[in-house]
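This report concerns only the one structure given below.
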Amino acid sequence: MRLRLAGAVLLSAAAYYIYLPLPSGVSEPWKLMLLDALFRSFMQASDVAHALGLCHRVHLLNQVVSWVEVIEAQSCSAVHVTDSMLGGVPTRVFQPKEGKKLKRGVIYFHGGGWALGSGRMRSYDRLCRKMAEDLDAVIMSVDYRLAPEAVFPDQYYDALAASQAFLSREVLERYSIDPERVCVSGDSAGGNLAAAVAQELSSDDTLTVKFKTQALIYPVLQALDFYTSSYQQNQAVPILYRPVMARYWLQYLGADSSLEPLLLANNHSSLDQPTISAKTRSKVDWTTLLPGNHKKHFKAVIKETGSPGVMREVPALMDVRAAPLLAEQGVLARTPKAYVMTCEFDVLRDDGLMYAKHLQDAGVMVTIDHYEDGFHGCMVFAFLPMMFSVGQRSMNNYILWLDQNL
């Protein structure tokens, strides 16, 4: 009897911890609750370790990732897989063993808030392996440096150096890549790096080879407004919570974590900030850039007065290399044809939608691939053991777009 009672208590406690009210339209909610409970457990353990001074929270999380997810480079019957260097940056290379002599090429930047993850993770390895086989393409998955040891612009410079090497004659010839069919891509923070690199290299007239396409998967593109409609709607939807995104931004920009409440209150972008012009504000004005079905009933939160010291302390908040959404239209007009994936239940949804609108206004051809049941990070959950239907659909449609446009 006691064992049954103890079991019932433990089961109830587990159910209480796992259960989370979720929007009715999100894909496979109970599975997402389990995934979130797992992530929260690791996050809470890392916060405790950080508070006790045992290690930085990011180090513990990355150690867990290494134990669970990072795998060795293993070739298979269809794809040759090796670990190499690209522009001085560690990179996993996926080469099809059969197919045409000249291959398409994709350079890919993984997500993880500029602080977590690796292109050597099982989820990214499987994604890139499938891309290589389905597209008959050489895929290069880049392991840029991570926070807190590396802060902006280190990650950007790694992505830029790897991309410049990827487009070089030496690399293109070595891997038999068609210089007319090359793409830059990435998800989340990796989508941020891909967008920033696309802007920089598209404006570089010294390059003889340029990207034909850019494919951005639920990218993070600005840190001026933490009250966009998607930040408000999805602030408590896994797996990317609103406060966590603010923390990632501060880590990436090398800023003090004590500024997190100021960012979350939009005090850093108040109207009394002299460094933020009306033109800059218009670039993140979701109330004019988004269609009504995405604005919904939410209202903009703009403070009259705020904390002017934040912009002086963290000037990179206004740097287009960190926040590609702030780029000038002339720069955007030179970037390649774009694919932008967004998810309804993602705090970053509006970043992607606003960027797509800016690109379209600049004359760039854009495909917006929106998932009404999607959540942040869903595309990497396209394989067992944590496989979501929206993960499979989004991955297959992403690869299909590349097949049709690259």
Stepwise salt bridge (charged side-chain N to carboxylate O under 4.0 Å, His left out) check, R334 with D205: CA-CA 11 Å; R334 303 187 67 177; D205 293 328; 2.4 Å; yes
Validation row: L353, V340 side chains within 4.5 angstrom (heavy atoms): no
R242 charged N/C atom sitting above Y227 aromatic ring, 6.0 Å / 45°: yes
Nearest heavy-atom neighbours spanning S269 and I276: CA-CD1, 3.6 Å
Taking every non-hydrogen atom, the tightest pair across V197 and L160: CG2-N, 3.9 Å
Straight-line distance of R349 CZ to T342 OG1, nearest 0.5 Å: 8.0 Å
Chi angles and distances behind the side-chain contact (heavy atoms from CB on, under 4.5 Å) call for L116, V65: CA-CA 8 Å; L116 301 171; V65 168; 5.6 Å; no
R104 (side chain) donor-acceptor with D403 (main chain) under 3.5 angstrom: yes
Stepwise salt bridge (charged side-chain N to carboxylate O under 4.0 Å, His left out) test for D178 and K212: CA-CA 11 Å; D178 186 342; K212 181 182 179 182; over 6 Å; no
Which atom pairs, one a donor and one an acceptor, fall under 3.5 Å between side chains of residues 374-381 and the rest of the protein, sequence neighbours left out?
unit_1: H376; atom_1: ND1; unit_2: D346; atom_2: OD1; d: 3.1
unit_1: H376; atom_1: ND1; unit_2: D346; atom_2: OD2; d: 3.0
unit_1: H376; atom_1: NE2; unit_2: S188; atom_2: OG; d: 2.9

Under the side chain to side chain contact (heavy atoms under 4.5 Å, CB included) test, residues paired with S257 that sit two or more places apart: none
Side-chain (K357) to main-chain (W286) donor-acceptor, under 3.5 angstrom: no
Shortest non-hydrogen contact from R281 toward L271: NH2-CA, 3.5 Å
Name of the residue among H294, K283, M354 meeting side chain to side chain contact (heavy atoms under 4.5 Å, CB included) with L289: M354
Any donor-acceptor N/O pair, R321 side chain to Y157 backbone, under 3.5 Å: no
Partners passing side chain to side chain contact (heavy atoms under 4.5 Å, CB included) against A147 (at least two apart in sequence or in another chain): A115, Q155, Q251
Worked check of side chain to side chain donor-acceptor pair (under 3.5 Å) between Y398 and D369: CA-CA 8 Å; Y398 163 63; D369 191 13; over 6 Å; no
Pairing residues for R393 by the salt bridge (Lys or Arg N to Asp or Glu O under 4.0 Å) criterion, not counting sequence neighbours: D373
Side chain H268, main chain A223, donor-acceptor under 3.5 Å: yes
Sidechain-backbone polar pair: E69 side chain, S123 backbone, donor-acceptor under 3.5 Å: yes
Stepwise side-chain contact (heavy atoms from CB on, under 4.5 Å) test for W401 and L406: CA-CA 8 Å; W401 185 89; L406 182 59; over 6 Å; no
Main-chain N/O of V220 paired to D351 side chain as donor or acceptor, under 3.5 Å: no
Check: R92 and I71 side chains under 4.5 Å, non-hydrogen atoms: yes
Any residue meeting side chain to side chain contact (heavy atoms under 4.5 Å, CB included) with P315, in chain and number order, not counting sequence neighbours: none
S230 vs T228, side chain to side chain donor-acceptor pair (under 3.5 Å): CA-CA, chis, key distance, verdict: CA-CA 5 Å; S230 60; T228 63; 3.3 Å; yes
Heavy-atom closest pair, residues L86 and F166: CD1-N, 3.9 Å
Under 3.5 Å donor-acceptor, T91 side chain and V89 backbone: yes
Exceeds 12 heavy-atom contacts within 6.0 angstrom, atom CD of E180: no
Can you list, pair by pair, the side-chain donor-acceptor contacts under 3.5 Å of residues 137-144, counting residues two or more places apart and other chains?
unit_1: D143; atom_1: OD1; unit_2: S118; atom_2: OG; d: 3.1
unit_1: D143; atom_1: OD1; unit_2: G119; atom_2: N; d: 2.6
unit_1: D143; atom_1: OD2; unit_2: S118; atom_2: OG; d: 3.0
unit_1: D143; atom_1: OD2; unit_2: R120; atom_2: NE; d: 3.1
unit_1: Y144; atom_1: OH; unit_2: H110; atom_2: O; d: 2.6

Residues which pass side chain to side chain donor-acceptor pair (under 3.5 Å) with N405, listed by chain and number, not counting sequence neighbours: K337
Intermediate values then yes/no, side-chain contact (heavy atoms from CB on, under 4.5 Å), I302 and N266: CA-CA 7 Å; I302 303 173; N266 272 2; over 6 Å; no
T335 side chain to V331 backbone, donor-acceptor under 3.5 Å: no
NZ (K97) with more than 12 external heavy atoms under 6.0 Å: yes
Derivation and outcome, side-chain contact (heavy atoms from CB on, under 4.5 Å), residues V310 and N267: CA-CA 8 Å; V310 177; N267 279 3; 6.0 Å; no
Counting only pairs under 3.5 Å, give me each side-chain donor-acceptor contact of residues 169-176, with atom names and distances, residues two or more places apart or in other chains.
unit_1: E170; atom_1: OE2; unit_2: R174; atom_2: NH2; d: 2.9

Qualifying residues under side chain to side chain contact (heavy atoms under 4.5 Å, CB included), relative to H50, sequence neighbours excluded: H56, R57
Within-4.5 Å side-chain heavy-atom neighbours: L193 and V184: no
R145 side-chain N/O to A150 backbone N/O, donor-acceptor pair under 3.5 Å: no
With Y108 via side chain to side chain donor-acceptor pair (under 3.5 Å) - residues at least two apart: D187
CA sep, side-chain torsions, deciding dist, call: H297, Q232, side chain to side chain donor-acceptor pair (under 3.5 Å): CA-CA 10 Å; H297 63 281; Q232 294 184 61; over 6 Å; no
Nearest non-hydrogen partners of P29 and V26, listed with the distance: CD-O, 3.6 Å
Residues Y241, D36; criterion side chain to side chain donor-acceptor pair (under 3.5 Å); working and verdict: CA-CA 10 Å; Y241 295 100; D36 174 64; 2.7 Å; yes
Any side-chain heavy-atom pair of L22 and W30 under 4.5 Å: no
Sequence neighbours excluded, every pair satisfying salt bridge (Lys or Arg N to Asp or Glu O under 4.0 Å) that has a member inside residues 287-315: K296-E344
Side chain to side chain donor-acceptor pair (under 3.5 Å) partners for K210, two or more places apart: none
Neighbour count >12 (heavy atoms, 6.0 Å) for atom CE, M85: yes
Shortest non-hydrogen separation from P336 to Q214 and the atoms involved: O-NE2, 3.0 Å
Side-chain donor/acceptor of D350 to backbone N/O of Y231, under 3.5 Å: no
